[in-house]
Chemist: 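I have a structure here, written as structure tokens, and I will follow up with some questions on it.
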Amino acid sequence: MEKDVLDIIKKRRTVRAFTDEDVTDEQVETVLEMGMYAPTYMGRKPWHFVVIRDKDLQTQLGETLGVRPYIQQASAVIAVYGDPEVSNTWDLDGCAAIENMLIAATALDLGGAWAGSPGNVAWGQAEELLRDSLKVPKGFRALSLVCLGHPAKMAVPHTKDERYDKARVHYGTWSELKL
Ligand SMILES: Cc1cc2nc3c(=O)[nH]c(=O)nc-3n(C[C@H](O)[C@H](O)[C@H](O)COP(=O)(O)O)c2cc1C
């Protein structure tokens, strides 16, 4: 089991092309459930998730963010929100949930893509679009999107040689590397 989890983490890749096959509501719920197992500061769980299955809105989001066509192709797009009133680590907590969701999608043989970079202009525009379209209450902040679908083609899993960088790991003090 332990090995399975490690393999799935290695297998997770950003999938940017999806088939027409639907992701079921049950699969979406499993992905959301796994997201909510993530740690949050003081267990505050400042998150909300909006499941989008609306091709018009997905197309507009893809155009606004300049990421085409996979947002439009995705069977479901989960908009991840945080409530800064509940926790000032709403963004960190949301990121923990997103990574759990991407790993869960991989385990279900689905493809996932994280899209959206808070702070840039395009994301600000996407957040406005989402606020109106999804009727988001005042105060909630959009963190990112998780696009889910059946992969049109599976990316090659990462390998240790490619990803593990010893020069980024310091033992004891910054200057100590194990090379
Ligand atoms: C905060 C964040 C925002 C991202 N936004 C986008 C995006 O807008 N479009 C995109 O194609 N990929 C996006 N990605 C995915 C990265 O480009 C991807 O993780 C990276 O290229 C490494 O590839 P891998 O996920 O297959 O390991 C985002 C990732 C993160 C963590």
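Start at 1 and go down the list; that is how both ligands and their atoms are numbered.
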Chemist: Relative to the heavy atoms of His158, which atoms of ligand 1 are at a distance of less than 4.0 Å?
Modeler: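 The list of qualifying atoms is 24 (P), 26 (O), 27 (O).
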Chemist: Looking at Glu85, I want to see if its CD is surrounded by more than 12 non-hydrogen atoms of other residues, nucleotides or ligands under 6.0 Å.
Modeler: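 Check fails, neighbour count at 12 or below.
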Chemist: Side-chain contact test, heavy atoms from C-beta onward, threshold under 4.5 Å: evaluate it for Arg53 versus Val28 and give yes or no.
Modeler: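 Arg53 reaches Val28 side chain to side chain.
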Chemist: Among all the protein's non-hydrogen atoms, which is closest to atom 25 (O) of ligand 1, and how far away is it?
Modeler: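 Of the protein heavy atoms, Thr14 OG1, 2.5 Å lies nearest.
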Chemist: Based purely on interatomic distance, does Ser144 place a nitrogen or oxygen under 3.5 Å from a nitrogen or oxygen of ligand 1?
Modeler: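 N/O-N/O distance below 3.5 Å does not exist for this pair.
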Chemist: Looking at non-hydrogen atoms alone, which of Glu162, Arg13, Glu99, Arg16 comes nearest to atom 16 (C) of ligand 1?
Modeler: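 Ranked by closest heavy atom to atom 16 (C) of ligand 1, first place is Arg16.
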Chemist: Determine, using heavy atoms of Gly116 and all atoms of ligand 1, whether some pair is separated by less than 4.0 Å.
Modeler: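 Flag set, Gly116 near ligand 1.
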Chemist: Under 3.5 Å between any N/O of Arg12 and any N/O of ligand 1: does that happen in this structure?
Modeler: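 Yes.
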Chemist: Using a 4.5 Å cut-off on heavy atoms from C-beta on, say whether the side chain of Val169 contacts that of Tyr171.
Modeler: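 Yes - at least one pair of side-chain heavy atoms lies under 4.5 Å apart.
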Chemist: Heavy atoms only, cut-off 4.0 Å: how does Val67 contact ligand 1, side chain, backbone, both, or neither?
Modeler: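 Val67 to ligand 1: side-chain contact only, backbone stays beyond 4.0 Å.
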Chemist: Report, in ascending order of atom number, the atoms of ligand 1 lying under 4.0 Å from any heavy atom of Arg163.
Modeler: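 In order of numbering, the contacting atoms are 27 (O).
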Chemist: Run through Asp4, Thr106, Ile103, Leu102 and flag the one making a side-chain contact (heavy atoms from CB on, under 4.5 Å) with Ile9.
Modeler: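 Running side-chain contact (heavy atoms from CB on, under 4.5 Å) over Asp4, Thr106, Ile103, Leu102 with Ile9 returns exactly one hit, Ile103.
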Chemist: Hey, what's the ring geometry for Trp47 with Phe49, parallel, tilted or perpendicular (30° and 60° as the breaks)?
Modeler: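 Judged by the thresholds at 30° and 60°, the geometry between Trp47 and Phe49 is tilted.
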Chemist: Should Thr40 and Ser87 count as side-chain neighbours, where that means a heavy-atom distance under 4.5 Å?
Modeler: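 Thr40 does not reach Ser87 side chain to side chain.
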Chemist: Does the protein put a heavy atom less than 4.0 Å from atom 20 (C) of ligand 1?
Modeler: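 No, because not a single protein heavy atom sits under 4.0 Å from atom 20 (C) of ligand 1.
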Chemist: Would you call Lys160 and Lys10 a side-chain contact if the rule is heavy atoms closer than 4.5 Å?
Modeler: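 Counting from C-beta outward, Lys160 and Lys10 never come under 4.5 Å.
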Chemist: Run down the list Trp123, Tyr70, Trp114 and name the one with the heavy atom closest to atom 1 (C) of ligand 1.
Modeler: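 Nearest option to atom 1 (C) of ligand 1, by heavy atoms: Trp114.
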